[in-house]
Amino acid sequence: DSQARFYGGKTNPMEKRTRVRARMISQALQELMSQSDDIFVMGHARPDMDSIGACLGIRRIAKMNGKQCWLVLDTDNLHSDIQRLLDEIDNYHRRGEEFPENPMLVYIEPYASSTCELITEMFEYQSRYSDDPINKLEATAMLTGIIIDTKSFSLRTGTRTFDAASYLRSVGADSQMSQHFMKENVQSFLQRNHLIDRVEFVGNGNAVVVGENDRVYDPVTAAQAADSLLTVSGVQASYVVTHRSEDIIGISARSNGETNVQIIMEKMGGGGHLSNAATQIEDRDILDVRKQLLDLIAQTEENNTEETD
């Protein structure tokens, strides 16, 4: 009944597996596949994300070996995260209608987390012996851009995102300075909460905020309010409509990835990314803009329902 006691070893144990075994299993699997006409793969009952992910991996291996492969799945007993995985479509950062003609260089990475990530990768291919290397302030600013766009590495974050962040840290980016950049002053804090207090929930998981008609709001505060609303349970997309000036109304749109807010913003003259978009509208009444936005949200949901049916 005494407590367990451990002897020896001062480091974490290493896994007792090597790439040699992985290569042998892979070769054996390829041989089995080569002898098969059709391949079916399934995980355990009531599959979780790990199970489905493994099935998809095997399917890809089969395709790489020139074989058809089908996943066997009980669609009547799926957890919500699995259902979302199956329902997901391949959305990306599209060219806007005003994309310049005949550009000399086009660099679009649909699944990059941010522009800062793309630019950081360019730094890694520059001369390491340059007389003007990236400095601490620049590196910190770019790291902050990545943190904000990924919602602290929780959204649109891939391995290259972490590679970019690691590179920026290696050249002097300061995480404490980054936190300082992201701090909010009292006025913007109060203004953000004032906007959130005006929220209305419409349709299927949409949060819409419309600022006061006779009040100009800081665009960063409006964007922060849209970000904050995504933390509310059940909210898939958020839209914050405010006056940027007396004659210009801006909309900050955000989503958790299940709703493509870029398409809606494009229809209102703007653009952006699947989960991060915006637009600016001149010489319109804010209530008219609200009505147009609500109509587009309803139309988009109706189209999605028809596609599902």
Side-chain angles (χ1 to χ4, degrees), residues 91 93-94 96-99 114-115 144-145 148-149 151 155 181-305:
N91 293 302
H93 196 160
R94 298 174 16 228
E97 293 181 0
E98 298 181 356
F99 195 83
S114 57
T115 305
T144 306
I148 291 174
D149 269 22
K151 310 298 184 291
L155 188 65
F181 288 157
M182 292 185 289
K183 279 186 177 180
E184 203 173 0
N185 62 43
V186 174
Q187 184 60 36
S188 64
F189 176 81
L190 294 174
Q191 192 179 78
R192 176 167 58 88
N193 284 291
H194 159 74
L195 285 169
I196 293 174
D197 191 50
R198 297 174 62 86
V199 67
E200 57 179 319
F201 298 97
V202 298
N204 184 22
N206 297 288
V208 177
V209 172
V210 179
E212 297 177 1
N213 189 38
D214 57 351
R215 182 172 177 178
V216 174
Y217 295 83
D218 179 72
V220 174
T221 302
Q224 290 173 343
D227 289 333
S228 297
L229 287 167
L230 283 183
T231 64
V232 177
S233 178
V235 174
Q236 298 180 7
S238 61
Y239 306 85
V240 177
V241 186
T242 59
H243 271 286
R244 302 289 173 86
S245 67
E246 291 185 2
D247 302 324
I248 297 178
I249 295 173
I251 303 179
S252 292
R254 300 289 186 271
S255 87
N256 61 1
E258 296 184 22
T259 301
N260 192 336
V261 294
Q262 178 193 1
I263 293 178
I264 295 178
M265 291 297 97
E266 282 184 346
K267 292 179 179 178
M268 300 187 73
H273 192 276
L274 161 72
S275 58
N276 188 331
T279 189
Q280 292 189 21
I281 303 169
E282 295 185 12
D283 300 323
R284 289 273 302 279
D285 181 79
I286 198 167
L287 294 180
D288 289 340
V289 173
R290 171 186 175 275
K291 183 180 185 304
Q292 181 186 6
L293 174 62
L294 295 181
D295 289 343
L296 287 172
I297 291 173
Q299 179 183 340
T300 301
E301 289 191 345
E302 182 180 350
N303 293 338
N304 291 340
T305 300

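Because the structure is a prediction, the values reported are computed rather than measured. Because only heavy atoms are used, hydrogens play no part in the values below, and waters and symmetry mates are left out as well, while side chains stay in.
- With hydrogens and angles left out, the side-chain atoms of Gln262 and Glu266 include a donor and acceptor closer than 3.5 Å.
- Considering Leu229, Val241, Thr242 as possible partners of Val209, the one that fulfils the side-chain contact (heavy atoms from CB on, under 4.5 Å) test is Leu229.
- Two residues are said to be in side-chain contact when any heavy atoms from C-beta on lie closer than 4.5 Å; Thr300 and Ile264 meet this criterion.
- Rounding to the nearest 0.5 Å places CZ of Arg254 at 4.0 Å from CG of Asn276.
- Residue-environment remark: CZ (Phe189) stays at or below the threshold of 12 foreign heavy atoms within 6.0 Å.
- The CD1 atom of Ile297 sits 14.0 Å away from the CD atom of Glu302 when rounded to the nearest 0.5 Å.
- Contact of the Val202 side chain with the Leu294 side chain is registered, since non-hydrogen atoms from C-beta on lie closer than 4.5 Å.
- Not one N or O on the side chain of Tyr217 forms a donor-acceptor pair closer than 3.5 Å with the backbone of Arg192.
- Counting all heavy atoms, side chain and backbone alike, Leu195 lies closest to Gly211 at CD2-CA, 4.1 Å.
- To the nearest 0.5 Å, atoms CE (Met268) and CD1 (Ile251) are separated by 3.5 Å.
- Residue Leu230 holds its CG atom at 8.5 Å from OG of Ser275, rounded to the nearest 0.5 Å.
- In this structure, CG on Leu293 lies 5.5 Å from CE on Met265, to the nearest 0.5 angstrom.
- Applying the side-chain contact (heavy atoms from CB on, under 4.5 Å) test to Ile248 and every residue at least two apart in sequence or in another chain returns Arg244, Ser245, Gln280, Glu282.
- The existence of a salt bridge linking Glu200 and Arg290 is confirmed by a sub-4.0 Å separation between a basic side-chain nitrogen and an acidic carboxylate oxygen.
- Residue Asn193 holds its CG atom at 5.0 Å from CD1 of Ile196, rounded to the nearest 0.5 Å.
- The side-chain contact (heavy atoms from CB on, under 4.5 Å) test with Asn213 is passed by exactly one of Leu287, Ile249, Asp285: Asp285.
- With 3.5 Å as the limit, one finds a donor-acceptor pair spanning the side chains of Asn206 and Glu301.
- You'll find the side chain of Lys267 stays beyond 4.5 Å of the side chain of Gln292, heavy atoms only.
- Asp295 pairs by the salt bridge (charged side-chain N to carboxylate O under 4.0 Å, His left out) definition with Lys291, not counting sequence neighbours.
- His243 approaches Arg215 most closely through the heavy-atom pair CB-O, 3.4 Å.
- Looking at Ser228, its side chain does come within 3.5 Å of a backbone N or O of Gln224 through a donor-acceptor pair.
- Nearest heavy atoms, Ser252 versus Ala226: O-CB, 3.9 Å.
- Remark: side-chain polar atoms of Thr279 are paired, donor with acceptor, to backbone N or O of Gly270 under 3.5 angstrom.
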